[in-house]
Amino acid sequence: MIYAICGVCGLIVGAVAAWLIASKVVIARKNKEDEATIGTAQSRAKEIIDEATKAGEAKKREALVEVKEESIRAKKELDREIRQRNAEVQHYEQRVLKKEENLDRKLEAVEKKEAKIAAKELELERVMSEQEEARDRQIQELEKISSMTSEQAKEYLIKTVEDEVQHETAVLIKDLEQKAKDEADKKAKELVINAIQKTAADHVAEATISVVQLPSDEMKGRIIGREGRNIRTLETLTGIDLIIDDTPEAVVISGFDPIRREIARIALEKLIVDGRIHPTRIEEMVEKARKEVEQSIKEAGENAALEAGVHNIHPELIKLLGKMKFRTSYGQNALKHSVEVALLAGQLAGELGLDVRLAKRAGLLHDIGKSIDQEMEGTHVQIGVDLCRKYKESAIVINAVEAHHGDVEFQSLIACIVQAADAISAARPGARKETLETYTTRLKQLEDISGSFKGVEKSFAIQAGREVRVMVVPEQINDDNMVLLARDISKKIEAELEYPGQIKVNVIRESRVTDYAK
C-alpha cells in the first residue's frame with residue numbers, strides 16, 4: 001500500500017515537472033516569435049517613413065511650383081491694371097487740359113462783356129443825367145404854365161388818386177357785400193326754413209289773472225263766508241288775491257306767481273263742486289290742489305322732454321322744466337319756447353352735421369334758470385348754469401346755457417346753434433309781445449344812431465324798427481360815400497343795440513332843382 005501511494009505521488013510529481021518543462025519551452029518559443037514580429041514591424045515602419053518623406057518632398061516641390069506660377073499670374077494681372085490706370089490717367093489729363101482751354105476762352109469773353117457793360121453803364125449814367133436835367137427843365141416849364149408849384153401838383157395828384165381809390169374801394173366793397181349777402185341769405189334761409197318747417201310749437205301766454213266761473217251769484221257769498229273768513233283763509237293759504245266784484249257768475253284770481261294762482265283756481269273749483277265751503281275744508285282742498293299741481297308740473301316736464309326727444313335728464317331738472325309751464329317771457333310760454341328751441345337746434349344741428357341729441361338737450365335747458373329766477377337772486381343765465389353744474393350736465397351744455405345771450409364766448413358750434421334757435425323762436429312774428437316803452441326806446445335809439453353821422457339830414461325808423469331810412473345831404477355825401485355810410489351805420493347799430501332779427505339800413509341821396517316860369 002505504501003509503495004502504491006509512493007508510486008502515485010511519484011507519478012504526480014513527474015506530471016507536474018513535465019508540465020513545467022513544457023511551459024518553459026512554449027514561452028521560449030513565443031518570445032522568439034514576438035522578436036521576429038517586432039523586427040518585421042520596425043522594418044515596415046521604416047519603409048513607411050521613407051515613403052512619406054519622399055511623398056512630402058514631392059508635394060513640397062509641387063506647392064513651390066504652384067506658388068511660383070500664381071506669383072507670375074498676379075504680377076501679370078498687376079502689370080495689366082497699371083497699364084490700364086496709366087491709360088485712364090492720360091485720358092483724364094487730356095480732358096482737363098481741354099477744359100482749362102475752354103475756361104480760358106470763356107474768361108476772355110466775360111472780360112470783353114464786362115468791358116462793354118462798363119461802357120454802357122457810363123453811357124447810361126450820362127443819359128440819366130441828361131434826362132434828369134430835362135425833367136427839371138420840364139417841371140420848371142410846367143410850373144410856369146400851370147402856375148402851380150411841384151408840392152401843389154403832388155397834392156393834386158394825391159387827391160385825384162385818393163378819389164379814384166375810394167371809388168374803386170366803394171365799388172369793390174359793394175360788390176363783395178352783395179355777393180356775400182346773397183350767398184349767406186340763401187344758405188341761412190334754407191337752414192332756417194327747413195328747421196322751422198319741421199318744428200311746430202304752440203305759444204300759449206299765461207295771463208296774470210285767472211277767472212273761475214260760478215254756477216250762480218249766490219256762490220259769491222258762500223266763498224266770502226261769515227265776516228270774510230272763507231276768502232281770507234283761501235288768500236292766506238294760497239298767497240293770492242280773490243276779486244269778487246259785480247262780474248256776473250265769475251270770480252277773478254289775481255297774483256304774480258302763476259303756480260300759486262293755479263293752486264288757488266283748482267282749490268276754488270273743487271270747493272264749488274263740493275259745496276261745503278269753510279276754513280277746514282278750504283285747507284283740505286288747497287292741499288289736494290297743491291299735490292295736483294306738483295304732479296302736473298312733473299308731467300309737463302316729462303312731456304316736454306319727450307316732445308323734444310331728450311332723455312336721461314335728472315328728475316329735479318324735469319320738475320324745474322315743468323315749472324316753466326307757468327312762466328312767461330314777453331307773453332311767450334317759457335316751456336313751449338324751450339321745446340321749440342330744442343327742436344330748432346336739433347334741426348339746425350342735423351343740417352350742419354353736428355350732434356343732434358346734444359343740441360336738443362342744450363336747447364331744452366338753455367332757459368332752465370327762469371323756473372326759479374323769481375325765487376333766487378341773479379340772472380336766469382347764471383342760475384341756469386349753476387343748476388346744470390349741480391346736476392352734472394356736460395361742459396358743452398353748460399357753455400350753451402351761459403352763452404345763449406352773449407355773456408361769454410362760444411366754445412362749440414352747439415352753443416352758436418342754441419343762440420340762433422333762441423333768436424328764431426323769440427323773434428318770429430306772434431311769438432312775443434314787446435312792451436310799448438321798450439319798443440319806442442329802440443326806435444328812438446335807431447334814429448339817434450343814424451343821425452349821429454356827418455352828412456345825414458334826417459333818419460326815420462319804420463316797419464316796427466326793422467328798417468331805418470337815412471336821408472343824406474347830396475352836397476356832402478356822394479354815391480361812393482353812401483356805401484361806406486350804410487356800412488358804418490350798420491356796424492354801430494350792431495355794437496350798441498340789442499334787437500331781434502335784423503335791421504335794414506337804407507341810405508337815400510336825392511338832388512332836386514326847382515325853378516319857376518314867369
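Keep in mind that the numbers below use all heavy atoms, side chains included, and drop hydrogens, waters and symmetry copies.
Using a 4.5 Å cut-off on side-chain heavy atoms (C-beta onward), Leu124 and Met128 make contact. Contact of the Arg361 side chain with the Ile313 side chain is registered, since non-hydrogen atoms from C-beta on lie closer than 4.5 Å. In this structure, the side chains of Glu114 and Val110 come closer than 4.5 Å at one or more pairs of heavy atoms. Counting only heavy atoms from C-beta outward, the side chains of Ile372 and Leu320 approach each other to under 4.5 Å. Two residues are said to be in side-chain contact when any heavy atoms from C-beta on lie closer than 4.5 Å; Glu393 and Leu317 meet this criterion. Using a 4.5 Å cut-off on side-chain heavy atoms (C-beta onward), Val341 and Asp422 make contact. At least one side-chain heavy atom of His366 sits under 4.5 Å from a side-chain heavy atom of Ser338. Contact annotation: the side chain of Leu242 never approaches that of Val252 to less than 4.5 Å [non-hydrogen atoms, C-beta and beyond].
Distance check: Leu321 CG to Ile368 CD1 gives 4.0 Å after rounding to the nearest 0.5 Å. The distance from the CD atom of Glu340 to the CD atom of Glu307 is 10.0 Å, given to the nearest 0.5 Å. Here the CD-NZ distance, from Glu316 to Lys390, works out to 7.5 Å after rounding to the nearest 0.5 Å. If you take CD on Glu294 and CD1 on Ile259, they are separated by 9.5 Å, rounding to the nearest 0.5 Å. The distance from atom NZ of Lys323 to atom CD1 of Ile318, rounded to the nearest 0.5 Å, is 14.5 Å. A distance of 8.0 Å separates CG in Leu214 from CD1 in Ile244, rounded to the nearest 0.5 Å.
Closest approach of Leu364 to Ala305, counting heavy atoms only: CD2-CA, 4.0 Å. Between Glu409 and Asn399 the shortest heavy-atom distance is O-ND2, 3.3 Å. A pairwise comparison of heavy atoms in Ala362 and Ala400 identifies CB-CB, 3.8 Å as the closest pair. Across all their heavy atoms, Leu343 and Ala308 have their closest contact at CD2-CA, 4.0 Å. In this structure, Val401 and Gly384 approach most closely via the heavy-atom pair CG1-C, 3.9 Å. Nearest heavy atom pair, residue Ala486 against residue Val507, reads CB-CG2, 3.7 Å.
When atom types are taken as modelled, the side chain of Glu447 and the backbone of Ala461 share a donor-acceptor pair closer than 3.5 angstrom. For the pair Arg509 (side chain) and Ile477 (backbone), a donor-acceptor distance under 3.5 Å is present. The backbone N or O of Val212 sits nowhere less than 3.5 Å from a side-chain atom of Glu269 that would complete a donor-acceptor pair. Side-chain N or O atoms of Arg229 include none that pairs as donor or acceptor with a backbone N or O of His278 at under 3.5 Å. Asn333 places a side-chain N or O within 3.5 Å of a backbone atom of Lys325 that can act as its donor or acceptor partner. For the pair Ser450 (side chain) and Val470 (backbone), a donor-acceptor distance under 3.5 Å is absent. No donor-acceptor distance shorter than 3.5 angstrom exists from the side chain of Asp355 to the backbone of Gly350, with no hydrogens or angles considered.
Ion pair Glu283/Arg281 not flagged as a salt bridge, since none of the NZ, NE, NH1 or NH2 atoms sits closer than 4.0 Å to an Asp/Glu carboxylate oxygen. Ion pairing of Asp448 with Lys444 is present here, as a side-chain N (NZ or NE/NH1/NH2) and a carboxylate O approach within less than 4.0 Å. A salt bridge does not link Glu227 to Arg232: none of the charged side-chain nitrogens sits closer than 4.0 Å to a carboxylate oxygen. Ion pairing of Lys491 with Asp488 is absent here, as no side-chain N (NZ or NE/NH1/NH2) approaches a carboxylate O to less than 4.0 Å.
Remark: Arg357 CZ is loosely packed, at most 12 non-hydrogen atoms of other residues, nucleotides or ligands lying under 6.0 Å away.
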After noting the C-alpha distance and the side-chain angles of Ile489 and Ile493, does the key distance pass the side-chain contact (heavy atoms from CB on, under 4.5 Å) rule? CA-CA 6 Å; Ile489 294 175; Ile493 291 173; 3.8 Å; yes
Using the rule given for side-chain contact (heavy atoms from CB on, under 4.5 Å), can you reason through Phe410 versus Gln419, listing the C-alpha separation, both sets of side-chain angles and the distance that settles it, and then say yes or no? CA-CA 10 Å; Phe410 301 119; Gln419 187 193 44; 3.1 Å; yes
Set out, in order, the CA-CA distance, both residues' side-chain angles and the distance that settles salt bridge (Lys or Arg N to Asp or Glu O under 4.0 Å) for Lys220 and Glu218, then state yes or no. CA-CA 5 Å; Lys220 292 181 180 180; Glu218 295 178 358; over 6 Å; no
Please assess Phe326 against Arg261 for the test side-chain contact (heavy atoms from CB on, under 4.5 Å), listing each intermediate value before the final yes or no. CA-CA 10 Å; Phe326 302 97; Arg261 196 169 63 247; over 6 Å; no
Apply the test side-chain contact (heavy atoms from CB on, under 4.5 Å) to residues Val381 and Asp367: give CA-CA distance (whole Å), side-chain angles for both, the deciding distance (0.1 Å), then the verdict. CA-CA 7 Å; Val381 173; Asp367 271 346; over 6 Å; no
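A side-chain contact (heavy atoms from CB on, under 4.5 Å) with Leu485 is found for exactly one of Asp480, Val505, Val472, namely Val472. For the side chain to side chain donor-acceptor pair (under 3.5 Å) with Gln295, the lone residue among Lys298, Glu299, Glu292, Lys291 that qualifies is Glu299.
Side-chain contact annotation: Ser371 with Lys319, donor-acceptor N/O pair under 3.5 Å absent.
When ring centroids are compared, His380 and His404 come within the 6.0 Å threshold.
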